[in-house]
Amino acid sequence: MHMVKNIMSQKLYTIGPLTGVSRAATIMERSGIGCLPVVDEGKLVGIITSRDIRGSHPNRLVADAMTRDVVTIPPTASIWEAKELMEKYKIERLVVVDEKSIVGIVTKAQIMAGLSKYIDSLTGLNKAEVFYERARQLLKESHEIAVIFLDVDNFGLINKEYGHVYGDNILRKVAVILDKLVDKNRDTLCRYAGDEFAVVTTRPLEEAEKFALQLVMAFANEKWPAEIKITISVGVAGGRRSGIRNLNEDSSYIVKNLINMASLASTKAKKLKRPVVVVDAIEFKEMVRKQEFVYDNLK
Amino acid sequence: MLSKETSRSTEPLRKADINIKLSEFEIPPMQDIMLVGKKAPIGPEAVRQMVDAVSPDQYEIVRLNDHEVFEAVVLKKSLLKLLPKEKLLSVVIEEGNRIANENMVVKAQINITIQVSRTVDL
């Protein structure tokens, strides 16, 4: 997964707190950078940005012009975490700190360039990597999560009958419908692959099922070009986390299993001609043992 | 008939007058209280460095986080034996606010007279 350390600037310029602001401005201008971490005896004590410099008298010391509360991020944090921090504090740079030492700086432009690799060019939705990252993060934060897996019915036939350009337009429209309905605070939507979309949500399983039905209904009520009927089949899987041994390994495992169960449930929905099939809540701790049982039930 | 100019033009005479005004350097160079404006040429850290070098342990710096004009007040610790800090600061800041803006550093000389009247039994 894309980490901050992969995109940050490692060539680091720092400055002491008793240096003049005009000296800081000169260093920033010559080096083409927008900020300098302020370090006193090896310890990060502040950051001086071009905005701080503009608002200060040039005769001042850096200590009297700098921002004292520095927002830092570890190098192993994801670029999504970095983006959230920047949005939360309304800042454009984060100092990357490994334990106590500064190892780099990451800017908003670097984050946005990194994130653009994870946006699907056809629909403008997140790619599956974002979905996985968000799901893992929610589990880390001890949220109960559910996965909603959506599959456009007979999309292969639509492509064959109307052509791929028409098929792409359908996928764009599907993305718009889904994007309008998701609650950004609770749901993360992605184009999973081809004609498959997925949502990871913090809604409880029952609520996730209702939401899935709402999505199906939205398609039923929509008018499509050439007056064809587009429907979707949806699988929902969710559960509780308990007794997780290794958070990183187990959370990845849990997410992969949830998406697998939800996709199988959507296949089952298609076969049964039911709009939504839900996999009951399960304890993740026991999921390893019950995995075969669950899959058998879905077949 | 105009007379012919006979004298040659000369270089202008250049002189320097030196006036010297000597007086004893005041230690400390500041007075009792200094109010540091938010956009003043020196900030509280610079003042602290100066004061610590010239008059160690004699002044205290109080940072003002929410004041619209001043960023900090530097005051002589000995004044605080005469008046509580909050009472002294509120008066000085209020008066400083009337005459200063955020680009200025204002120094203030403070004279405090304590009036005591006591009665004892005879």
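Proteins come first, then strands; the chains are lettered A, B, ... in the order of their sequence lines, and each starts at number 1.
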Any salt bridge between Glu87(A) and Lys108(A), counting N to O under 4.0 Å?
-> no

Hey, are Asp183(A) and Arg186(A) close enough for a salt bridge, meaning a charged N less than 4.0 Å from a carboxylate O?
-> yes

No-hydrogen, no-angle side-chain donor-acceptor test under 3.5 Å, Thr49(A) and Asp52(A) | yes

Contact listing (chain A partner; residues 42-52 of chain B; heavy atom under 4.5 Å) | Ile42(B), Gly43(B), Pro44(B), Glu45(B), Ala46(B), Gln49(B)

Taking 4.0 angstrom as the limit, do Glu207(A) and Lys210(A) come out as a salt bridge?
-> no

Is there a donor-acceptor contact under 3.5 Å from the side chain of Ser31(A) to the main chain of Ile33(A)?
-> no

Do the side-chain N and O atoms of Gln110(A) and Thr107(A) include a donor-acceptor pair separated by under 3.5 angstrom?
-> yes

Can you tell me if Arg60(A) uses its side chain to pair, donor with acceptor, with the backbone of Ala40(B) under 3.5 Å?
-> yes

Of Thr14(A), Leu18(A), Val45(A), which meets side-chain contact (heavy atoms from CB on, under 4.5 Å) against Asp40(A)?
-> Val45(A)

Side-chain donor or acceptor of Thr19(A) paired with backbone N/O of Gly16(A) under 3.5 Å | yes

Do any of residues 57-95 of chain B have a heavy atom less than 4.5 Å from a heavy atom of chain A, and if so, which, in residue order?
-> Arg63(B), Glu71(B)

